[in-house]
Peer 1: 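Below is one structure. I have some questions about it.
The chain is numbered in sequence order, starting from 1.
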Amino acid sequence: MRTALAILLVVVAAVGPHHPTTGATLPAAAHREARFVVLSDVDPRILTDIRYATAHNFVGRPVAGYAEPLCLLTRTAAEALRRAQDAALARGRSLKVYDCYRPQRAVDDFITWARQPGQDRMRAEFHPRVAKSDLFARGYIGAPTSHSGGSTVDITLVDVPPRSQPAFDPGQPLVSCTAPQRQRFPDNSVDMGTGFDCFDPLAHTGSTEVTGPARDNRRMLGRLMSDAGFVNYDSEWWHFRHRDEPWPDRYFDLPVARSSTR
C-alpha cells in the first residue's frame, strides 16, 4: 500500500488532478517576473485569514514557504478582487481570503506530508470521511496548483460588520468540517455548508445536500467572483482562479513575504 501511494504521488506531482499540466516550476532568476502585490495594499477592506501560516489547517502546523500571514497576488487578480469587494459590500458582505499565492515549496510540503504514515491528527476536522491517501487522487489537493501562479484565491464571505473570531487553540477538540455551522470552529464566515478546506463531497460547489442559506451564500459568492472574472473549481466552493491570469501554467517558489513583492 505504501509503495502504491508513493507511485501515485509521483504521478500526481508531475501531472496534477485538476490543474494545468503544461507549465513548469521556474528557475530562481525568473521568479521576479511575478511582480506580486500584497492584497491589503490594493484593498485593505478585504479580510485575511491565512490558514497555512498557522497551525489551523489540514497538516496541523505552519506550511513551508509561509513566512508571513499575507495574501500575495498578481496585480490583475488583486484589482479584480477589489471590484468583487465593491459588489460584496453593496450587499452587506465582505470578502475574506484564506489562501492566495502558494509557493511550490508549500505544495512539496503537502506531498511530503501525504507520503508520511500517520501525521493526520487534523483528519477529524478537515477530512473525516476521506482517507489521507485519497486526498490527491480525489482532487482535493493539487500538485502542481494554479495557486502557484498568483491569480488563484481561496475565499469566503462574512457579514458586515464581521463577527469576532477566536484564535485557534491546538489543544481544543476537533469538530468535523461537515457539522452544522454552530458546532464547527467559530469562523466568522457566513454559513457555506462546510468549513474551509473541507475535503468532502459536501464541499463540492453544487452539492445538492447543501440547502437554504448556505446554498444561497455559495451562489452569491459564485456570482460576485464570476462577475469579477474568476472561475470556480467545482470540488471546492472556496477556490477561484482568475480567467485572465498573467502567468498561466507557471509555478513560482518565492516565499509568502512582503519581500517577494520587491
Peer 1: Are the side chain of Arg105 and the backbone of Gly65 linked by a donor-acceptor contact shorter than 3.5 Å?
Peer 2: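 No: the side chain of Arg105 does not pair with the backbone of Gly65.
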Peer 1: With rounding to the nearest 0.5 angstrom, report the SG to CG distance, Cys100 to Leu81.
Peer 2: 7.5 Å
Peer 1: Do Thr145 and Thr152 make a side-chain contact, defined as non-hydrogen atoms from C-beta onward lying under 4.5 Å apart?
Peer 2: no
Peer 1: Before accepting this row, confirm whether a basic side-chain N of the pair Asp197/Arg51 lies closer than 4.0 Å to the acidic partner's carboxylate O.
Peer 2: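 Salt bridge between Asp197 and Arg51, a charged N being under 4.0 Å from a carboxylate O: no.
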Peer 1: Would you confirm whether Arg184, through its side chain, and Ala179, through its main-chain N or O, come within 3.5 Å as a donor-acceptor pair?
Peer 2: yes
Peer 1: Is Tyr140 reachable from Val63 through a run of hydrophobic residues whose side-chain heavy atoms are each under 4.5 Å from the next?
Peer 2: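 As far as the 4.5 Å side-chain criterion goes, Tyr140 and Val63 are connected within one cluster.
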Peer 1: For the pair Thr112 (side chain) and Asp108 (backbone), establish whether a donor and an acceptor sit closer than 3.5 Å, ignoring hydrogens and angles.
Peer 2: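 Yes; at least one donor-acceptor contact below 3.5 Å.
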Peer 1: Any side-chain to backbone donor/acceptor pair from Thr156 onto Ser189? Under 3.5 Å, distance only.
Peer 2: no
Peer 1: Rounded to the nearest 0.5 Å, how far apart are OG of Ser40 and CD1 of Ile46?
Peer 2: 9.5 Å
Peer 1: Under the side-chain contact (heavy atoms from CB on, under 4.5 Å) rule, what do Arg61 and Asp109 come out as? Steps first, then yes or no, please.
Peer 2: CA-CA 11 Å; Arg61 54 168 172 74; Asp109 195 11; 2.9 Å; yes
Peer 1: May I ask you to test the Val175-Pro173 pair for a side-chain heavy-atom distance under 4.5 Å?
Peer 2: no
Peer 1: Do you know which two heavy atoms are closest between Phe185 and Pro166, and how far apart they sit?
Peer 2: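 So the minimum-distance heavy-atom pair works out to CZ-O, 3.5 Å.
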Peer 1: Out of curiosity, Asn57 CG to Ile50 CD1, how far, rounded to the nearest 0.5 Å?
Peer 2: 12.0 Å
Peer 1: Could you state whether Val97 and Phe168 fall into the same hydrophobic cluster, counting links through intermediate Ile, Leu, Val, Met, Phe, Trp or Tyr residues with side-chain heavy atoms under 4.5 angstrom apart?
Peer 2: yes
Peer 1: For residues Gln165 and Pro186, report the shortest heavy-atom separation together with the two atoms involved.
Peer 2: CG-O, 3.6 Å
Peer 1: If we only count heavy atoms from C-beta on, is the His127 to Asp200 side-chain gap below 4.5 Å?
Peer 2: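 A side-chain contact under 4.5 Å is absent here.
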Peer 1: So which heavy atom on Gly150 is nearest to which on Ala77, and how close?
Peer 2: O-CB, 4.2 Å
Peer 1: Applying side-chain hydrogen bond (donor to acceptor under 3.5 Å, both in side chains) to Tyr66 and Asp99, what does each step give before you reach the verdict?
Peer 2: CA-CA 10 Å; Tyr66 285 80; Asp99 192 34; 2.8 Å; yes
Peer 1: Answer yes or no: is there an ion pair linking Arg182 with Asp191, defined by an N-O contact shorter than 4.0 Å?
Peer 2: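 Here Arg182 does not pair with Asp191 in a salt bridge, since their nearest N and O are not under 4.0 Å apart.
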Peer 1: To the nearest 0.5 Å, how far apart are CD in Glu125 and SG in Cys198?
Peer 2: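 Spacing of CD (Glu125) from SG (Cys198) equals 8.5 Å.
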Peer 1: Just one of Leu95, Val160, Asp86 clears the side chain to side chain contact (heavy atoms under 4.5 Å, CB included) bar with Arg45, so which one?
Peer 2: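 Filter result, single survivor: Asp86.
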Peer 1: Using the side-chain hydrogen bond (donor to acceptor under 3.5 Å, both in side chains) rule, take Glu236 and His204 through it: C-alpha gap first, then chi angles, then the decisive distance, then the call.
Peer 2: CA-CA 5 Å; Glu236 299 174 345; His204 295 185; over 6 Å; no
Peer 1: Going by the side chain to side chain contact (heavy atoms under 4.5 Å, CB included) test, name the single residue among Val231, Ile155, Leu224 that passes it with Phe240.
Peer 2: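 Answer to the side chain to side chain contact (heavy atoms under 4.5 Å, CB included) test with Phe240 among Val231, Ile155, Leu224: Ile155.
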Peer 1: For side-chain contact (heavy atoms from CB on, under 4.5 Å), just list the numbers for Val42 and Arg75, CA-CA rounded to whole Å, side-chain angles, deciding distance to a tenth of an Å, and then say yes or no.
Peer 2: CA-CA 8 Å; Val42 176; Arg75 183 167 291 280; 4.0 Å; yes
Peer 1: In terms of side-chain geometry, is the basic nitrogen of Arg91 or Asp159 positioned less than 4.0 Å from the acidic oxygen of its partner?
Peer 2: no
Peer 1: Quick check: does any side chain N or O of Lys96 sit under 3.5 Å from a backbone N or O of Asp49, one acting as donor and the other as acceptor?
Peer 2: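 Answer holds: no.
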Peer 1: When the ring centroid of Tyr101 is compared with that of Phe36, is the distance short of 6.0 Å?
Peer 2: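 Between Phe36 and Tyr101, which both carry aromatic rings, the centre distance is below 6.0 Å.
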Peer 1: Assess the side chains of Thr194 and Thr178: does a donor N or O sit below 3.5 Å from an acceptor N or O?
Peer 2: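 On atom types as modelled, these side chains do not qualify, holding no pair under 3.5 Å.
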Peer 1: If you round to the nearest 0.5 Å, how far is CZ of Arg219 from CH2 of Trp237?
Peer 2: 16.0 Å
Peer 1: Can you name the closest pair of heavy atoms from Gly193 and Ala214 and give their distance?
Peer 2: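 Where Gly193 meets Ala214 most closely, the heavy atoms are N-CB, 3.5 Å.
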Peer 1: Check whether Thr261 reaches the backbone of Arg258 with its side chain - one donor and one acceptor, N or O, closer than 3.5 Å.
Peer 2: yes
Peer 1: Quick one: do Ser151 and Arg243 satisfy side-chain contact (heavy atoms from CB on, under 4.5 Å)? Show the steps, please.
Peer 2: CA-CA 9 Å; Ser151 294; Arg243 293 188 190 95; over 6 Å; no
Peer 1: I'd like to check Ile111 versus Phe136 (side-chain heavy atoms, cut-off strictly below 4.5 Å). Are they in contact?
Peer 2: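 When only atoms from C-beta onward are counted, Phe136 and Ile111 do touch, with a gap below 4.5 Å.
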Peer 1: Examine distances only and state if a side-chain atom of Glu209 and a backbone atom of Leu202 form a donor-acceptor pair shorter than 3.5 Å.
Peer 2: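 Pair absent, no side-chain N/O of Glu209 close to backbone of Leu202.
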Peer 1: Can you tell me if Lys132 uses its side chain to pair, donor with acceptor, with the backbone of Trp113 under 3.5 Å?
Peer 2: yes
Peer 1: Evaluate the side-chain proximity of Thr74 to Val37: yes if any heavy-atom separation is below 4.5 Å, no if none is.
Peer 2: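 Heavy-atom side-chain distance check fails, nothing below 4.5 Å.
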Peer 1: Counting only N and O atoms by type, is there a donor-acceptor contact under 3.5 Å from the side chain of His242 to the main-chain atoms of Asp244?
Peer 2: yes
Peer 1: Side chains of Asp234 and Thr205: any donor to acceptor distance under 3.5 Å?
Peer 2: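 Looking only at side-chain atoms, Asp234 and Thr205 do not form any donor-acceptor pair under 3.5 Å.
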Peer 1: Would you mind checking if Arg163 and Asp187 are paired as a salt bridge, meaning a charged N to carboxylate O distance below 4.0 Å?
Peer 2: no
Peer 1: Test of understanding: clusters of I, L, V, M, F, W, Y form through side-chain heavy atoms closer than 4.5 Å, transitively. Do Leu221 and Val210 belong to the same one?
Peer 2: no
Peer 1: Go through the steps to decide whether Asn217 and Arg93 satisfy the test side-chain hydrogen bond (donor to acceptor under 3.5 Å, both in side chains), and finish with yes or no.
Peer 2: CA-CA 10 Å; Asn217 289 332; Arg93 299 283 174 79; 3.0 Å; yes
Peer 1: Counting C-beta onward and ignoring hydrogens, is there a side-chain heavy-atom pair between Pro62 and Thr54 closer than 4.5 Å?
Peer 2: no
Peer 1: Between Leu72 and Leu39, is there a side-chain heavy-atom distance shorter than 4.5 Å?
Peer 2: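 Not touching, per the 4.5 Å side-chain cut-off.
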Peer 1: Nearest heavy-atom pair of Ala88 and Leu157: which atoms, and what distance?
Peer 2: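 So the two residues come closest at CB-CD2, 4.5 Å.
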Peer 1: Consider ring pair (Phe, Tyr, Trp, His ring centres under 6.0 Å). Of Phe58, Phe126, Phe110, which one does Phe199 pass it with?
Peer 2: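 Of the listed options, the one satisfying the test is Phe58.
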Peer 1: Should the pair Arg83-Asp227 be classified as a salt bridge under the 4.0 Å nitrogen-to-oxygen rule?
Peer 2: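 Salt bridge absent between Arg83 and Asp227.
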Peer 1: Taking all non-hydrogen atoms of both residues, which atom of Cys177 and which atom of Pro128 are closest, and how far apart?
Peer 2: SG-CD, 4.3 Å
Peer 1: Under a 4.5 Å side-chain heavy-atom rule over Ile, Leu, Val, Met, Phe, Trp and Tyr, are Ile141 and Val153 clustered together?
Peer 2: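 Linked, Ile141 and Val153 end up in one cluster.
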Peer 1: Taking Val130's backbone N and O only, do any of them form a donor-acceptor pair with Asp134's side chain (distance below 3.5 Å, no angle check)?
Peer 2: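 Absent.
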Peer 1: Could you please spell out the steps behind the side-chain contact (heavy atoms from CB on, under 4.5 Å) verdict for His239 and His147?
Peer 2: CA-CA 9 Å; His239 179 114; His147 277 281; 3.6 Å; yes
Peer 1: Between CD of Glu79 and CZ of Arg82, what distance do you get to the nearest 0.5 Å?
Peer 2: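 Atom-to-atom, Glu79:CD and Arg82:CZ are 5.0 Å apart.
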Peer 1: Under 3.5 Å, is there a donor-acceptor pair between the Thr76 and Glu245 side chains?
Peer 2: no
Peer 1: Taking the side chain as everything from C-beta on, heavy atoms only, tell me whether Val107 gets closer than 4.5 Å to Ser148.
Peer 2: yes
Peer 1: With hydrophobic residues grouped by side-chain heavy-atom distances under 4.5 Å, do Val158 and Phe196 end up in a single group?
Peer 2: no
